[in-house]
Amino acid sequence: MNRRATISIPLVAVVMALASSPGCDSPADIHRFSFATMGTVAVGTVEVWDKTHKRTPEEIVAAVFDSIDVHLSSWRDDSELALLNAAPADTTINVSRWLADCLQAADSLNRASYGAFDVTAEPLMRLWGFYSGQGHLPTAAELDSTLALLGHYSFDASMRTVTKHLAGTQFDLGAIAKGYAVDRAVADLVDFGISTALIDLGGNIFCLGVPDGRDAWRLGIRDPRNPSAVLATFDAVHKAMATSGAYERYVDIDGRRYGHIMNPATGSPAEGLLSVTVIGRRATMCDGLSTTLFVAGPDEALRLLRDVYRQYDAVLVLPPPAGASKARVLATSGLRGNLTLTDAATPATTLEFLDF
Ligand code: ADP
Ligand code: MG
């Protein structure tokens with residue numbers, strides 16, 4: 001089945017890298033190229049600003065993104081992930097380091113968020129029609145029987161083994177694999193002597209080093225109310241960034257739009273936030289944490305940022321409070337003096353910095 005044709009996915013990245021936008025000075029020999037991986041969800045670009053390197057960046061990044069497809073893609077019937085999903089109950093499967101790394105990150109996010117992040121949300125995605133592209137509003141009975149499939153597996157990180165306890169427990173790494181691919185690509189680029197690059201895999205960004213003559217990369221966050229516009233910008237050095245928002249991928253059912261991030265507490269798409277951007281040192285965690293905070297909702301997201309994930313910065317976009325017209329942007333204090341709303345977003349947006 002071709003899952004690609006029917007789902008609405010914007011071709012542009014979720015988060016914009018503005019470093020090489022018109023008006024910025026860029027060296028003449030900048031490399032820029034794209035990869036499609038994991039269906040059409042992720043289109044990667046890598047700008048390499050170094051002038052000399054031992055191996056072409058195309059070769060390095062193509063190798064990483066190809067491996068990611070082979071191991072982690074839900075869009076290929078022959079990926080390692082697909083083989084795990086097809087496995088019967090109570091059969092122990094050895095998994096690659098790639099899959100094990102993702103499952104380990106997923107487990108820690110799941111525990112910290114009391115289940116908001118769930119790497120086995122696949123049956124919910126399927127029920128709501130995200131794989132077929134045909135949206136379906138589930139009945140209460142369908143929700144119950146599908147929720148009963150989630151989470152029945154054990155994972156041994158040191159042995160790198162997974163055992164499903166129900167055949168119907170199914171994994172979907174859509175919230176974490178692109179970030180992981182970016183971290184692997186960064187490590188390989190560094191190994192091959194590349195020290196200045198901007199990597200963007202479907203909105204999962206890493207800015208490596210600093211371009212010549214600049215202090216930082218200028219990154220932009222999309223406006224979830226108008227995804228072709230920039231909401232806010234900030235400067236970053238050697239940082240990863242990821243955004244989760246319901247506007248990125250959705251199904252329409254009876255005139256209502258349902259986003260692709262599931263709340264395992266209800267079985268329905270998560271609501272409450274318009275988007276969440278996370279900035280930190282590792283793209284894997286930025287990817288997973290942005291999804292986690294989106295599911296957790298505004299109050300629980302603030303608790304997680306304050307009590308568990310203090311080393312990350314985040315930008316939460318909330319709908320206007322009752323009776324108000326401006327969307328609220330809440331940013332962690334590490335972004336104070338750096339994050340600024342764009343002129344276009346300012347009239348309809350308030351910006352507050354958190355005090356922890
Ligand atoms: P994107 O893939 O657009 O970058 P995210 O990183 O937020 O967005 O990941 C969303 C994807 O994660 C969904 O398309 C689905 O594959 C998977 N997913 C949905 N709900 C959850 C959840 N509660 N926990 C973990 N993964 C989820
Ligand atoms: Mg994510």
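Just one residue in the list Asp90, Thr92, Asp156, Thr91 forms a side-chain hydrogen bond (donor to acceptor under 3.5 Å, both in side chains) with Thr163, and that residue is Thr92.
Annotation: the span from Leu289 atom CG to Thr284 atom OG1 amounts to 12.0 Å, rounded to 0.5 Å. Rounding to the nearest 0.5 Å gives a distance of 14.0 Å between SG of Cys286 and NZ of Lys178. Put simply, CE on Met159 and OG1 on Thr161 are 6.0 Å apart, with the number rounded to the nearest 0.5 Å. Leu330 CG to Leu316 CG: the interatomic distance, rounded to the nearest 0.5 Å, is 5.5 Å. Between the CG atom in Leu81 and the CG atom in Asp172 there is a gap of 7.5 Å [rounded to 0.5 Å]. The structure places OG of Ser244 at 13.0 Å from CG of Leu274, a figure rounded to the nearest 0.5 Å.
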Side chain to side chain contact (heavy atoms under 4.5 Å, CB included) assessment of Met285 paired with Gln311: CA-CA 11 Å; Met285 283 301 286; Gln311 67 275 44; over 6 Å; no
Working for side chain to side chain contact (heavy atoms under 4.5 Å, CB included), residues Asp183 and Arg282: CA-CA 7 Å; Asp183 280 334; Arg282 292 262 176 268; 3.8 Å; yes
Run the side chain to side chain contact (heavy atoms under 4.5 Å, CB included) test on Phe130 and Met262 for me, step by step, so that the C-alpha distance in whole Å, both residues' side-chain angles and the decisive distance to 0.1 Å come before the verdict. CA-CA 11 Å; Phe130 281 99; Met262 296 291 147; 3.3 Å; yes
Take Thr332 and Asp313 through the side-chain hydrogen bond (donor to acceptor under 3.5 Å, both in side chains) test and state the conclusion after the steps. CA-CA 6 Å; Thr332 49; Asp313 275 310; 2.5 Å; yes
Begin from the C-alpha positions of Asp215 and Asp235 and carry the test side chain to side chain contact (heavy atoms under 4.5 Å, CB included) through to its verdict. CA-CA 8 Å; Asp215 297 334; Asp235 286 347; over 6 Å; no
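Looking at Glu142, its side chain does come within 3.5 Å of a backbone N or O of Thr139 through a donor-acceptor pair. Side chain of Trp128 to backbone of Val251: no donor-acceptor contact under 3.5 angstrom is found. At least one donor-acceptor pair closer than 3.5 Å links the side chain of Arg160 to the backbone N or O of Val95. At least one donor-acceptor pair under 3.5 Å links the side chain of Asn110 to the backbone N or O of Phe117. Remark: the backbone N or O of Asn85 is paired with a side-chain donor or acceptor of Gln170 at under 3.5 angstrom. A donor-acceptor pair is defined here as one N or O able to donate and one able to accept, closer than 3.5 Å; such a pair exists between the side chain of Arg225 and the backbone of Ala348. For Thr342 (side chain) and Val230 (main-chain N/O), a donor-acceptor pair under 3.5 Å exists by modelled atom type. Counting only distance, with no hydrogens or angles, the side chain of Lys164 and the backbone of Ala87 share a donor-acceptor pair below 3.5 Å. Checked by atom type and distance alone, the side chain of Thr120 never pairs as donor or acceptor with a backbone atom of Thr169 at under 3.5 Å. In this structure a side-chain-to-backbone donor-acceptor pair under 3.5 Å is present from Arg310 to Arg306.
Look at Arg256 and Glu271 and you find a salt bridge, because one of the NZ, NE, NH1 or NH2 atoms lies within 4.0 Å of a carboxylate O, short of that distance.
In the hydrophobic clustering, where aliphatic and aromatic side chains (Ile, Leu, Val, Met, Phe, Trp, Tyr) are joined below 4.5 Å either directly or transitively, Leu149 groups with Leu166.
For Arg281, the CZ atom sits in a loose shell: 12 or fewer heavy atoms of surrounding residues, nucleotides or ligands are nearer than 6.0 Å.
Counting only N and O atoms by type, the side chains of Tyr180 and Asp287 include no donor and acceptor under 3.5 Å apart.
Looking at Phe294 and Thr243, their side chains never come closer than 4.5 Å, going by heavy atoms from C-beta outward. Leu124 is listed as a side-chain neighbour of Leu147, based on a closest heavy-atom distance under 4.5 Å. At a threshold of 4.5 Å between non-hydrogen side-chain atoms, the residues Ser290 and Thr277 do not count as touching. The shortest side-chain heavy-atom distance between Phe353 and Leu351 falls under the 4.5 Å cut-off. Side-chain contact between Arg184 and Arg97 is present, with at least one heavy-atom pair separated by less than 4.5 Å. Counting only heavy atoms from C-beta outward, the side chains of Leu339 and Thr233 never approach each other to under 4.5 Å. Residues Val276 and Val315 are not in side-chain contact: their nearest non-hydrogen atoms beyond the backbone lie 4.5 Å or more apart. At least one side-chain heavy atom of Leu127 sits less than 4.5 Å from a side-chain heavy atom of Leu143.
Separation of the Tyr153 and Phe171 ring centroids falls under the 6.0 Å cut-off.
The aromatic rings of Trp98 and His71 lie parallel to each other, their planes meeting at an angle below 30°, with 60° marking the opposite boundary.
Ile205 and Val210 are not part of a single hydrophobic cluster, where members link through side-chain heavy atoms under 4.5 Å apart. Both Val308 and Val119 are members of a single hydrophobic cluster when ILVMFWY side chains are connected at heavy-atom separations under 4.5 Å.
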